Amino acid sequence: MTERNRLEAGGRIDRSHPLEFRFDGRSLTGYRGDTLASALLANGVHLVGRSFKYHRPRGVLGIGAEEPNALVQVARGAQTEPNVRATQLMLYEGLEASSQNRWPSLAVDLGGLADLASSWMPAGFYYKTFMWPARLWPFYERAIRRMAGLGRAPAAADPDDYDHMHAHCDVLVVGAGAAGLAAALAAARCGARVILADDQSEAGGQLLGERYEIGGRSALAWVSGAMAELRAMSEVRVLQRTTITGHYDHGYLIGCQVFREPGQPDPVGVPRQRLWKIRARRTVIAAGSIERPLVFPDNDRPGIMLAFAARAYCNRYGVRSGSRVVVVTACDDAYRTALDLAAAGVGIAAVVDLRPSGSGHLPRQVRARGIEVLIGQRIVGVRGRARVEALRTQSSAGGAIREIACDLVAMSAGWIPSVHLFSQARGELQFDERLGVFVPLGRLENVVCVGAARGTASLRGALQDGFFAGQVAAQACGLAGREEAQDIATVEPEEAPLDWRGIFGAASLGGRQFVDFQNDVTVDDVRLAVREGYDAPEHLKRYTTAGMGVDQGRTGNINVLALLAEARAEAMTTIAPTTFRPPYQALSFGAIAGALVGPLHAPTRKTPMHDWHAGRGAVFENVGQWKRPRHYPSAGETLQAAVDRECLAVRRGVAIADVSTLGNIDVQGPDAEAFIDRIYCTRMSALGIGRCRYGLMLRQDGMIFDDGIAARLGEQHYLVSTTTAGAASVFAWMEEWLQTEWPDLRVYCTSVTEHYAQIALSGPRSLELLGPLVDIELDAMPFMSMREARVAGVPARVFRLSYTGGPGFEIAVPAGRAYELWTTLFGAGERFGIIAYGTEAMHVLRAERGFIMVGHETDGSVTPGDLGFEGRLAMDKPFIGKRSLRRADLLRLDRKRLVGLLTQAPDCVLPEGAQLLDEPIDSPQSAAPVAMIGHVTSSYFSAHCARSIALGLVRGGQARLGDTLYAWVDGRAIEVTVTAPRFLDAAGKYAYG
Amino acid sequence: MSGERTAIVERGSRTSIVVRGDARDVRFVRAMAAATGLEPPVAPGTTAHHLLDAVLWLGPDEWLVVSETQPGHALASRMQQALQGLHAAVIDVSDARVVYAVTGAHARDVLAKGCALDLHPRAFSLGQCASSLLAEVPVLIHQRSAEPCFELYVARSVGEYVRAWLRAAVREHLHASGGSSP
Amino acid sequence: MLLIPCPWCGPRDETEFTCGGEAHIVTPRAPEDLDDEAWGEFLYLRTNPKGRCAERWVHTHGCRRWFNVLRDTVTERILTVYEVGARPPQAGDD
C-alpha cells in the first residue's frame with residue numbers, strides 16, 4: 001500500500017484494481033471505486049485549491065454534490081474541463097487533474113495577498129470602489145476578470161459524444177438511498193413503471209458512508225438485496241450516476257447521466273454523458289440531505305470537513321482523513337463520526353459540543369470509549385493555515401481558551417434537506433424550528449418528498465416514508481397491485497435535539513467566519529449587507545454573492561438566512577428562502593446539445609436535384625431548412641461573375657432553375673372558390689380552369705403575409721403556391737381559418753410541397769427547348785396558364801409563367817422522377833447553351849422587373865398599397881385583412897412606399913438595409929439628428945441593365961419620382977435618384993407579368 | 001423484449017394517398033372500403049391493414065392510405081372514382097415521404113433518443129400510429145410488428161438527415177449486438 | 001415543458017403544439033361597420049390574465065386540429081380542453 005492514509009481494510013473500493021493518476025503533476029495512486037477526493041485524502045492531500053476571492057488555501061469539505069472547495073481542472077492533451085468536483089469525479093487510470101485559482105502554485109499563491117487585504121474588501125467592494133469614473137469600468141473589469149474566475153475554459157472543440165434520451169414512467173424516484181429504494185420497491189412491486197435515478201456510482205445514498213443495520217443485517221446488504229430485486233423487474237429502469245437537475249411543469253424532469261469522466265478514454269462507443277428527459281406521472285423525491293457546516297473563525301482551513309464526510313471517507317473508501325480528530329457539533333449525529341473513526345483506529349482528541357448538555361445514547365457511547373466530550377463550548381478559532389493544527393475553544397460562559405491539537409476537525413450543525421427539486425416545481429417550504437432548516441410544506445400534486453429530503457431524521461422513518469410514498473404513487477397511477485406496509489427493524493439510538501441557534505460565533509470573535517466557502521462570503525459580509533439595507537434574501541444574495549457559486553450555496557445558504565434573521569432580530573419563520581431554480585447541478589454544453597451537433601445540428605432539407613447541383617459546384621445557401629443553390633461558379637469565378645452569366649443566360653437564351661422548395665397546397669371542395677377568395681386580397685374566383693394568377697395574402701391587420709401563384713385545376717380545385725419560407729405557415733394558417741372561423745366552408749387543404757419537385761425553364765429559348773419534349777401545344781398556352789402534360793414521358797403540370805420578368809415555364813413533377821426530368825431537360829438544352837441558375841440570379845432577375853420578394857420588400861409592416869397593389873385589391877369581396885386597410889394609419893399619404901433607386905455611379909451597389917435621407921450630411925458628427933425617410937430593401941448589380949439597381953421603401957413613394965435622396969453608407973452619403981420600381985421593359989412591351 | 005438485433009432499414013418511398021372525408025358518413029366509409037378493401041379507422045392513432053395495404057389515422061377527417069403493392073396513380077384514381085359526389089378529397093402524395101424501419105431489441109431506445117412519444121407496449125401497441133417529432137423533424141410512426149418494428153414516414157427532403165441521425169442513434173447498439181444501419 | 005392533452009391524440013409534449021393566443025375573441029360579423037378604435041381593439045387588445053386563461057392551441061405536429069385549453073397561468077395547470085366553438089366551461093377548481 002502506497003497511500004499513507006489508507007486503512008488496511010474496509011471500504012467499497014476494489015483493492016485488486018489499483019489506479020495511477022496525477023494531481024498538480026504529482027503521480028499518485030488510488031483504487032477503482034475511489035473518487036478523486038477520496039484518493040487525494042488517502043494520499044494525505046488536503047490542500048486542493050484556492051478560494052475565489054481571497055485565494056485562501058482550501059481543502060475537501062464534503063463528499064458529494066455539496067462540495068464547495070475541491071473543484072479541479074481535468075485535462076488530457078488539449079482537452080480540459082474546469083470546475084469538476086473532486087468528490088464526484090470517479091478515479092480512472094491516467095487521470096490528470098490540477099488545482100485551480102492559484103499562481104504560480106497551490107502552495108505559493110500570490111493571489112493570496114488578497115486575503116491580507118480582505119479587511120478593505122468587504123461585501124459590495126467592487127460596486128463601491130470601481131464605480132467612478134464610469135468610463136474606466138471597462139478597464140477595471142478586465143483586470144478584475146483576470147484575477148477572478150475558477151479554472152480555464154477549453155479552447156478546442158469537445159471531441160466527445162453526447163446524446164439525449166426521452167423516458168416515461170409511472171413513478172420517478174430521485175435518489176437511491178434508504179427512502180428512495182423503499183419507494184422504488186413499493187411502486188415496482190405494485191407493477192408500476194419505475195425509474196430510479198441516483199447521482200452516485202452505486203445505490204445506497206448516505207448508507208454507503210454509515211455502519212447502519214436494517215432488519216438485523218448490514219444496511220448495505222439490504223441495499224444490494226433491494227437493487228437485485230429492482231434490477232430483476234422488467235418495468236424498472238435504474239439510472240446510476242444520474243443527477244436529476246431540473247424539475248419542470250407537468251412531471252417533466254431533466255437528468256444528466258455520466259458514463260465517462262472528462263478525459264477518460266472511450267472503449268465502448270457510449271456517449272460521455274446522456275441527458276434524460278423524463279416524463280413522470282408521479283415523482284418521489286428522496287434526494288437526501290446535506291450536512292450543515294458550523295460557523296467559527298477560520299472555519300475554512302484545510303483539514304476542517306463535514307462530520308459525515310469524515311466518517312464516510314473512512315467507512316466507504318477506507319480512508320483516514322486525519323490521525324488526530326476533533327469533532328465539533330451542535331447535534332448528536334456527529335458523535336457517529338467519533339465512534340466510526342475510533343473503531344477504525346483513528347485517534348479522537350475530543351468531541352466539542354456547542355450545546356449545554358450532551359447526554360443522549362451517542363454521547364454516552366462516545367464517553368464509554370474513553371473519548372473526552374466537552375459541552376457548552378464555543379469555537380474561538382483554529383491554528384494552522386495550509387492545514388489545521390489545533391482547535392481553540394472555550395466555554396460559552398467565557399473563561400480560559402483551550403487549544404486542542406488536531407489535524408482534522410469534523411463539524412456538524414445538523415442536516416439540510418435537499419428540497420431543491422421540490423422547490424423548483426413550486427413546492428412551498430416552511431421553517432422547521434426543531435431542525436433549524438426549511439422543509440417541504442405539504443406535498444405538490446403528483447410530487448412528494450420522502451426521507452431526509454423532507455426532514456425525516458431516522459432510518460426507520462425514511463424507510464417507512466419511502467414504502468408508503470411508493471405505494472401511494474403506484475396506486476395513483478391506477479395500479480391495483482398491493483404492497484404490504486413494511487416496518488423494518490433498524491437499530492437507532494434516540495437523538496437529542498439539535499441546537500441550531502448556537503452555531504454562529506459572536507461578532508466580537510474576529511477572524512473570518514465563512515458562510516459561503518466557494519464565494520468567500522463571511523459573517524461580517526452578511527451583517528454589513530444588512531446594515532446597508534440589503535436585508536431581503538434576494539438582495540442579500542446578490543449583494544454578497546452568497547449562494548451564487550457553482551455549488552449554489554448548498555452548504556451555506558441556510559447559515560446565510562439564519563444570520564439574516566439574527567441581524568434583522570426576527571424569527572426564521574419570517575424569512576422566505578430564495579427560489580431554487582434549475583439546474584440543480586450545472587449541465588455541460590455537450591449534454592445540452594446532445595447528438596445535434598456538426599452535420600446533425602439542425603434538420604437539413606434537400607431537393608431531389610441536390611446531388612446534381614453539388615456535382616456542378618453549386619454554392620448553397622440556407623433558406624429556412626432548405627439547401628438551395630445560390631449560384632454555380634465556374635472555376636475561379638466570383639459570385640458576381642457567376643450571377644451576371646446566369647442572369648444573361650435567362651435574358652438571352654435559356655436557363656434552368658430548381659424551384660422545388662416553393663410551397664404547394666392542394667385546395668379542394670365545394671366551397672374552394674369562396675375560400676380562395678377570402679385567403680387572397682386579389683380576386684381568384686374569376687380564374688378560368690387552367691389559369692393562374694399572382695396574389696397576396698394578408699394578415700388580419702392588413703399587412704402582407706405571403707405571396708404566390710394560385711392555379712385553378714378544376715371547378716372546385718385550386719393549387720396554391722407559397723414562398724419557400726412561408727410554405728408551412730401558410731398551410732397552417734389556412735387550416736386555422738377553416739377550423740376556427742369558417743367551419744361551414746367545405747374545403748380540404750393538403751400540403752403537396754414534398755410530393756412535387758418543380759423546375760423553372762427561363763429565357764427566350766425556353767419554348768424552343770420544351771416544345772418538342774411535351775405532348776401538348778405549348779404555343780397555344782396563354783401566359784399564366786397551366787396544363788397537365790407528359791414532359792419527356794413524365795406526368796407533369798406545365799405552367800406558363802415566370803418570376804424573372806421574361807418568357808418561361810415551370811414544370812411540376814412527382815419528386816421521385818424529378819432528377820430524371822432535370823437531366824433530360826438539361827441534356828436537351830445543351831444545344832441552346834443552357835446553364836443552371838441559382839437564387840442569387842433569381843433575385844436580380846425579379847428585381848429588374850420590380851417583382852417584390854416577401855421578406856425583402858415586406859417586413860410585417862407593409863400593406864399592398866405600400867407596394868403599389870391598390871389597383872389589384874378586390875374590395876368588393878370579403879378577404880382577410882380587408883377592414884384593416886381602411887384604418888386611418890394605413891391610408892396616410894406619407895407611408896413608406898415602393899420605389900426604384902438608382903445611384904449616380906452605375907457600379908455602386910448600395911447595401912440592403914441602408915437608410916435613406918432627404919439631406920446629405922457630411923459626417924457622423926453632424927449636430928442635428930436627421931430624419932430617416934426610408935431604406936433600401938433589395939439591391940444588386942444587374943448585368944442586363946449594365947448598372948446597379950435597387951428597390952426601396954420611401955416616405956411618399958412615387959410622389960418623389962425623380963427626387964434626389966441620400967443613402968447613408970459607412971459614414972458617407974451616397975446620392976440616389978428615385979425611379980419607378982421597374983428597370984426592365986419599363987414600357988411593358990412584353991406581356992409576361 | 002426479443003433478442004433480435006437492432007437495425008435501421010431504408011424502405012424508400014411508398015404509395016401513399018391522403019384521404020379527407022367524413023367517417024360518420026356511411027357512404028364515405030363504404031366507398032373507401034370498396035376502393036381500398038379497408039375502412040378508415042376512427043379511433044385516434046389506429047390503423048386498419050390488410051396484407052401489405054394499410055390505412056393510417058392522421059386526424060379525425062384525414063387518413064393516409066399506404067400500399068406496397070399498388071402504384072399510387074392507379075389507387076388514387078380508383079379511390080377518386082369511388083368517392084365521386086361526396087365531399088371528400090383524394091391526393092396522391094406517394095413521392096412526398098420516404099420510409100425507414102427501426103427494428104430489433106433496442107428499437108425503442110433508438111427512437112427515444114429523438115422522440116418524446118411513449119412507445120412502451122403499455123402506451124403504444126402493435127398496429128398503432130402517431131404523428132410526432134423525431135430529431136426535430138415531423139414524423140409519422142407506425143408499429144408494424146411486435147418484433148418490434150417501427151416504420152417512420154418522413155418528408156423526402158429530410159430523408160438524408162433522418163438517415164444520418166438514425167445511424168448515429170443506433171451506433172451504441174451495433175457494438176453490443178451486431179445490428180446494422182444503412 | 002407542458003404536457004398538453006390533445007382531445008384527439010392524448011397527452012403530448014408542448015413542442016408538438018403551437019399556441020394561438022386568447023380564445024373566444026369573436027371576429028366581428030360586419031367589420032366594415034366598426035370604427036377604427038373598435039376594430040383596433042379587436043385586433044390588438046388581449047386580457048392577458050393572471051390565473052385562469054382560455055387559449056387556442058393547435059396540435060401542429062400531430063393531428064393538426066385546433067382546440068381550446070383552459071390553463072392557469074400561475075400554476076401552469078391545465079384544467080380542461082374543449083372544442084373550438086364551444087363555450088368556456090364554467091368549471092369549479094378541478
Side-chain angles (χ1 to χ4, degrees), chain A residues 161 163-170 193 234-235 252 259 267-271 274 276-277 279 594-596 598-600 602-608 610 625-627 660-661 666-671 716-717 728 746-757 795 813-818, chain B residues 1 12-13 16 18-22 58-59 61-62 72-73 87-98 108-124 133-138 154-162 164-165 167-169 171-176:
Chain A
D161 287 337
D163 73 9
H164 288 183
M165 188 76 93
H166 293 271
H168 304 259
C169 60
D170 295 319
R193 292 168 65 191
S234 63
E235 297 307 335
Y252 194 68
F259 292 104
V268 278
V270 293
R274 169 169 289 162
W276 287 88
K277 303 173 175 180
R279 187 69 81 171
L596 301 188
L600 295 180
T604 306
R605 300 175 74 180
K606 293 176 178 173
T607 75
H610 184 88
Q625 293 177 333
W626 287 102
K627 294 282 175 197
S660 305
T661 61
D666 180 287
V667 177
Q668 54 180 293
D671 299 313
Q716 303 181 354
H717 196 180
R746 291 163 303 160
V747 175
Y748 289 122
C749 299
T750 307
S751 169
V752 291
T753 306
E754 291 278 354
H755 178 65
Y756 291 105
V813 290
R817 302 199 63 184
Chain B
M1 208 174 265
S13 57
S16 314
V18 166
V19 186
R20 307 291 299 270
D22 182 356
L58 295 182
D61 64 356
E62 185 172 9
H73 57 89
H87 172 40
V90 173
I91 303 107
D92 183 0
V93 291
S94 301
D95 287 37
R97 295 180 176 89
V98 287
R108 289 186 180 87
D109 294 331
V110 170
L111 294 174
K113 290 186 183 187
C115 179
L117 285 181
D118 187 359
L119 298 175
H120 187 277
R122 287 188 198 172
F124 196 87
L133 292 167
L134 175 77
E136 300 179 5
V137 171
V154 298
R156 168 185 289 266
S157 65
V158 286
E160 261 183 54
Y161 176 81
V162 170
W165 184 89
R167 212 181 263 180
R171 197 165 49 217
E172 69 173 301
H173 302 297
L174 301 185
H175 285 272

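Worth saying up front: this structure is predicted, and the values here are computed from it rather than measured. In what follows, chains carry the letters A, B, and so on, assigned in the order in which the sequence lines appear, proteins first and then strands, with residues in each chain numbered from 1.
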Atom group of [X] that falls short of 4.5 Å from chain A, counting heavy atoms:
X      : result
B/A168 : side chain
B/E160 : side chain
B/V93  : both
B/L117 : backbone
B/V90  : backbone

Structural part of [X] lying under 4.5 Å from a heavy atom of chain B:
X      : value
A/P795 : neither
A/D671 : neither
A/K606 : both
A/Q716 : neither
A/C749 : backbone
A/L600 : both
A/W276 : neither

Using a 4.5 Å cut-off on heavy atoms from C-beta on, say whether the side chain of [Y] contacts that of [X].
X      : Y      : answer
A/H164 : B/K113 : no
B/D118 : A/R193 : yes
B/I91  : A/H755 : no

Heavy-atom pairs under 4.5 Å with chain A: which of [options] has the most?
options                       : value
B/A116, B/A155, B/A164        : B/A116
B/D92, B/D61, B/V162          : B/D92
B/V137, B/L111, B/D95, B/L119 : B/D95
B/R156, B/E62, B/R20          : B/R20
B/S13, B/S94, B/A169          : B/S94

Do you know which of [options] has the most heavy-atom pairs under 4.5 Å to chain B?
options                        : value
A/L596, A/V752, A/T607         : A/L596
A/P603, A/P670, A/G669, A/P271 : A/P603
A/S660, A/A602, A/S751, A/G594 : A/A602
A/T604, A/D161, A/V747         : A/T604

Discussion item. Going by side-chain contact (heavy atoms from CB on, under 4.5 Å), name the residues that satisfy it together with A/A818, two or more places apart in sequence or in a different chain.
Written reply: A/P608, A/M609, A/A757, A/V813
Discussion item. Looking at every non-hydrogen atom in both residues, tell me the closest pair between A/Q668 and B/A89 and how far apart they are.
Written reply: CD-CB, 3.5 Å
Discussion item. Could you check whether B/E172 pairs with A/R274 (Lys NZ or Arg NE/NH1/NH2 to Asp/Glu carboxylate O, under 4.0 Å)?
Written reply: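 A salt bridge is present here (some side-chain N lies under 4.0 Å from a carboxylate O).
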Practice prompt. Using a strict 4.0 Å threshold on nitrogen-to-oxygen distance, state whether B/R122 and A/D170 make a salt bridge.
Written response: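 Counted as a salt bridge, because a side-chain N and a carboxylate O are separated by less than 4.0 Å.
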Item to complete: Look at the side chain of A/E754 and the backbone N and O of B/S157, then say whether any donor-acceptor pair between them is shorter than 3.5 Å.
Response: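 Yes; at least one donor-acceptor contact below 3.5 Å.
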